[in-house]
Amino acid sequence: MIDIKKLRDEIDHTGKILLTRGYELNKELFLSLDDQRKTLQLSVEELQSKRKKLSNDFGKIKSSGEDTSSLKIEIDTINKELKVKDELLQSVLISLNDFLLDIPNLPNDNVPLGSDETDNVVVKKCGEITSKNKIDHLEITNDIDTDLAAKLAGSRFSVLKGDIAKLQRALISFMLETAIKNGYQEFYVPYMANSESLKGTGQLPKFEEDLFKTTDNLYLIPTAEVPLTNIHSNDVIDEKDTPVKLTSHTPCFRSEAGSYGRDTKGLIRQHQFEKIELVQIVKSQNSMDSLDDLLSNAEEILELLELPYQVVELCTGDLGFSSSKTYDIEVWMPSQAKYREISSCSNFSDFQARRANIKIKSDDKKELAHTINGSALAVGRTLIALLENNYDGKKNINLPKSLVPFFGSEVVNISN
RNA sequence: GGAGAGUUGGCUGAGUGGUCGAAAGCGCCUCCCUGCUAAGGAGGUAACUGGGUAACUGGUUCGAGGGUUCGAAUCCCUCACUCUCCGCCA
């Protein structure tokens, strides 16, 4: 949620900024709602104040045994008017809140302008593309079985077998250990979240169709960002405890509504995938440094895995709803001969903190925190990048040496 | 699944219809006393939010939502969560 005061005071400027990311601010609607709010609120509060005084008088008069009937009539009149105005006020407040919840975050000043992903900026390329492999992971091994998964659950799921399943487990351990080494505290969290939590991080109310909802009104988490960030919802964090650095491995569940026909083959786009998430909660003045820090933590995984990748800065038009600045990390996928997203690292400024009510206290001053998160990394995509980049054309996948201790061997048996 | 007890300020905890945003204690802050420390004394100390340049001044909040009432922390209903006992279970 953006700052309503800023919206009020700098509405034209804010509208312009929002337009750079493709959001058309309905200025008239906002000004009219806010104006109604002000008028109604003043009048409701005045009536409440009057009633409070008169009700006090009522008590005194009654205890002295005198007649209260005329006073009651007066209070009844106030209550009638109050009821009408308060109901109006509540409905205006709801509309105003809905309006605010729908507005995306403001892009940071230095985010490149652009309308869609073609305007994103490649910041750097790292690692050398050496693989001559052309075939994709499904052809490399039969141990990624999407047919079997279809029998068990449906499309966009997968079953991993044998060494491939073990490799995924090794990647998870490796990534978590790297995060811990970098100062993140590991968490095991619920894989379902309530609507409050999802509202806090910005998935609700606008993107409900992207989520799986359970029969008792919980949602399967689309990312560990949701539980990790909300660990500190409604908290006031002491400055000396910042930066707060959290990590968790979780499965992630996404309905992929609206992505029919995209990446239908293989592990790229699944309803369920494993991810290690990094979250930082920091003071506002440090947040861009923290984003760089978190980005480097994610890049480190790719470096240790010796996978070629590039870092892309998203332009204003391609930013996610809650983000003020995002770097995507894209790994080289030989079978597609292009870079594919494997991590997205974002600074949400105070957008999530305002929704989730996360504050930081320093010298008696309390201010909204800034939240930063990113994947380090999406495990399924890392797995296939590893398979495709390291496939020797015969039957072996040679592992980078940093992964060997976690996998327990240098070669993955792909069994076909 | 069954039975019961709870949820009040930073913390402990009192309050069962008005003078209660709320006793008392702890903690914290300021001052006094003191060579220092300890002890002691005096005072202060909730959050959120509206209006106002400000001084200031309103409102809301006692788990959440609804109801009764002129008036609700207090009475009634619904829900969430916590704890205890029994059962069951990884």
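Order of the sequence lines sets the chain letters (A, B, ...), proteins ahead of strands, with each chain counted from 1.
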Engineer: Test of understanding: with ring-ring contact (aromatic ring centres under 6.0 Å, His included), list the residues that count as partners of A/Phe99, not counting sequence neighbours.
Structural biologist: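 With sequence neighbours excluded, A/Phe99 shows a ring-ring contact (aromatic ring centres under 6.0 Å, His included) to A/Phe30, given in chain and number order.
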Engineer: Flag the pair A/Glu367 and A/Lys361 as a salt bridge only when some basic side-chain nitrogen lies within less than 4.0 angstrom of an acidic carboxylate oxygen.
Structural biologist: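 No salt bridge links A/Glu367 with A/Lys361.
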Engineer: With salt bridge (Lys or Arg N to Asp or Glu O under 4.0 Å) as the rule and sequence neighbours excluded, what pairs involving residues 253-277 of chain A come up?
Structural biologist: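 Sorted pair list: A/Asp136-A/Lys265, A/Glu256-A/Arg269, A/Asp263-A/Arg269, A/Asp263-A/Arg340, A/Lys275-A/Glu277.
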Engineer: Whole-Å distance between B/G10 P and A/Asp235 CG?
Structural biologist: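 Whole-Å distance recorded here is 13 Å.
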Engineer: Does anything in residues 204-229 of chain A pair up under ring pair (Phe, Tyr, Trp, His ring centres under 6.0 Å), and if so which pairs, sequence neighbours excluded?
Structural biologist: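 Those involving residues 204-229 of chain A are A/Phe207-A/Phe321, A/Phe212-A/His271.
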Engineer: For residues 223-257 of chain A, which residue pairs qualify under ring pair (Phe, Tyr, Trp, His ring centres under 6.0 Å), counting only residues two or more places apart or in two chains?
Structural biologist: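 Sorted result for residues 223-257 of chain A: empty, none.
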Engineer: Sorted by first residue and then second, give each ring pair (Phe, Tyr, Trp, His ring centres under 6.0 Å) pair with at least one member in residues 2-27 of chain A; sequence neighbours left out.
Structural biologist: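 Residue pairs passing ring pair (Phe, Tyr, Trp, His ring centres under 6.0 Å), neighbours aside: none found.
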Engineer: Answer yes or no for A/Lys72 and A/Phe58: cation-pi contact, defined as NZ/CZ to six-membered ring centre under 6.0 Å and angle to ring axis within 45°.
Structural biologist: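 No, A/Lys72 and A/Phe58 do not form such a contact.
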Engineer: For nucleotides B/C77 and B/U12, find the distance between their C1' atoms and express it as a whole number of Å.
Structural biologist: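 Comparing C1' positions in B/C77 and B/U12 gives a spacing of 31 Å.
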Engineer: Between B/G52, B/G50, B/G18, which nucleotide gets closest to the side-chain atoms of A/Lys38?
Structural biologist: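 Looking only at side-chain atoms, A/Lys38 lies closest to B/G52.
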Engineer: Roughly how many Å is it from CG in A/Asn234 to C1' in B/C81, rounded to a whole number?
Structural biologist: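 To the nearest whole Å, that distance equals 14 Å.
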Engineer: How far, in whole Å, is B/G4 from B/G13 if one measures between their P atoms?
Structural biologist: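 Per the computed distance, 24 Å lies between those P atoms.
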Engineer: Taking only the P atom of each, what is the distance from B/U7 to B/C76 in whole angstrom?
Structural biologist: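 One P to the other, the span is 14 Å.
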Engineer: Atom NZ of A/Lys53 to atom C1' of B/U57: distance rounded to whole Å?
Structural biologist: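 The answer, rounded to whole Å, is 11 Å.
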Engineer: Give the nucleotide from the list B/G18, B/C48, B/G50 with an atom nearest to the side chain of A/Lys359.
Structural biologist: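 Output: B/C48.
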Engineer: Could you work out, with side-chain hydrogen bond (donor to acceptor under 3.5 Å, both in side chains) as the rule, every residue matching A/Ser69, not counting sequence neighbours?
Structural biologist: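 If we apply the side-chain hydrogen bond (donor to acceptor under 3.5 Å, both in side chains) test to A/Ser69, skipping adjacent residues, the hits are A/Asp67.
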Engineer: I need the residues from residues 74-90 of chain A with at least one non-hydrogen atom less than 4.0 Å from RNA chain B; give them sorted by number, or say none.
Structural biologist: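 Hits under 4.0 Å, by residue number: A/Ile75, A/Asp76, A/Asn79.
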Engineer: Quick one, which residues of residues 43-50 of chain A touch RNA chain B with a heavy atom under 4.0 Å?
Structural biologist: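 Result for residues 43-50 of chain A: A/Glu45, A/Gln48, A/Ser49, sorted by number.
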Engineer: Stems involving RNA chain B: give each as a range paired with a range, ordered by first number, where a stem means at least three consecutive Watson-Crick or G-U wobble pairs under 3.5 Å.
Structural biologist: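 The stems that RNA chain B takes part in, listed by first number, are B:1-7 with B:80-86, B:10-12 with B:24-26, B:27-32 with B:40-45, B:46-51 with B:56-61, B:63-67 with B:75-79.
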Engineer: Specify the separation, in whole Å, of atom CZ of A/Arg37 and atom C1' of B/G59.
Structural biologist: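 That distance rounds to 12 Å.
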Engineer: Tell me the interatomic distance from A/Leu42, atom CG, to B/G50, atom P, rounded to whole angstroms.
Structural biologist: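 Value for this atom pair: 11 Å.
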Engineer: Identify, between A/Lys72 and A/Lys52, the residue whose nearest nucleotide on RNA chain B lies closer to the 5' end.
Structural biologist: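 Looking at the nearest nucleotide for each, A/Lys52 comes out on the 5' side.
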Engineer: Nearest-Å distance, NZ (A/Lys5) to P (B/C48)?
Structural biologist: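 Going from A/Lys5 (NZ) to B/C48 (P), I get 11 Å.
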Engineer: Can you tell me which nucleotide in B/C48, B/U49, B/G18 comes closest to the side chain of A/Gln41?
Structural biologist: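 It is B/U49.
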Engineer: Between P on B/A47 and NZ on A/Lys361, what's the gap in Å once rounded to a whole number?
Structural biologist: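 Rounded to whole Å, this separation is 10 Å.
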Engineer: Could you work out the separation of B/U60 and B/G21 based on their C1' atoms and round it to a whole Å?
Structural biologist: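 Approximately 11 Å lies between the C1' atom of B/U60 and that of B/G21.
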Engineer: Which residue pairs pass the salt bridge (Lys or Arg N to Asp or Glu O under 4.0 Å) test with at least one member in residues 93-112 of chain A, sequence neighbours excluded?
Structural biologist: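 As it turns out, the salt bridge (Lys or Arg N to Asp or Glu O under 4.0 Å) pairs with a partner in residues 93-112 of chain A, which skip direct neighbours, are A/Asp102-A/Lys206.
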Engineer: Of the listed nucleotides (B/G50, B/G18, B/G52), which one gets closest to any side-chain atom of A/Phe58?
Structural biologist: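 Nearest nucleotide to the side chain: B/G18.
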Engineer: Between B/G25 and B/U78, how far apart are the P atoms? Round to whole Å, please.
Structural biologist: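 The same atom, P, in both gives a distance of 40 Å.
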Engineer: Would you please say whether a donor-acceptor pair under 3.5 Å links the side chains of A/Asn105 and A/Ser349?
Structural biologist: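 Yes - a donor-acceptor pair under 3.5 Å links their side chains.
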Engineer: Roughly how far apart, to the nearest Å, are B/G87 and B/A3 at atom P?
Structural biologist: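 The same atom, P, in both gives a distance of 16 Å.
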Engineer: To the nearest angstrom, how far is A/Asp238 atom CG from B/G27 atom P?
Structural biologist: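 After rounding, the gap between these two atoms is 20 Å.
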Engineer: Only counting residues at least two apart or in another chain, list the ones meeting side-chain hydrogen bond (donor to acceptor under 3.5 Å, both in side chains) with A/Glu225.
Structural biologist: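 A/Gln352, A/Asn373.
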Engineer: Using atom P in both nucleotides, what's the gap between B/G59 and B/A22 to the nearest angstrom?
Structural biologist: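 Roughly 13 Å separates the two P atoms.
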Engineer: I'd like to check the ring-ring contact (aromatic ring centres under 6.0 Å, His included) partners of A/Phe174; sequence neighbours left out, ordered by chain and number.
Structural biologist: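 Here the qualifying residues are A/Phe406.
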Engineer: With nearest nucleotide decided by heavy atoms, which residue, A/Asn56 or A/Arg51, maps closer to the 5′ end of RNA chain B?
Structural biologist: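 Looking at the nearest nucleotide for each, A/Asn56 comes out on the 5' side.
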Engineer: Could you measure between the two P atoms, the one in B/A55 and the one in B/A80, and give it in whole Å?
Structural biologist: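 My reading of the P atoms in B/A55 and B/A80 gives 46 Å.
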Engineer: Flag the pair A/Lys5 and A/Asp3 as a salt bridge only when some basic side-chain nitrogen lies within less than 4.0 angstrom of an acidic carboxylate oxygen.
Structural biologist: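 No, this pair does not count.
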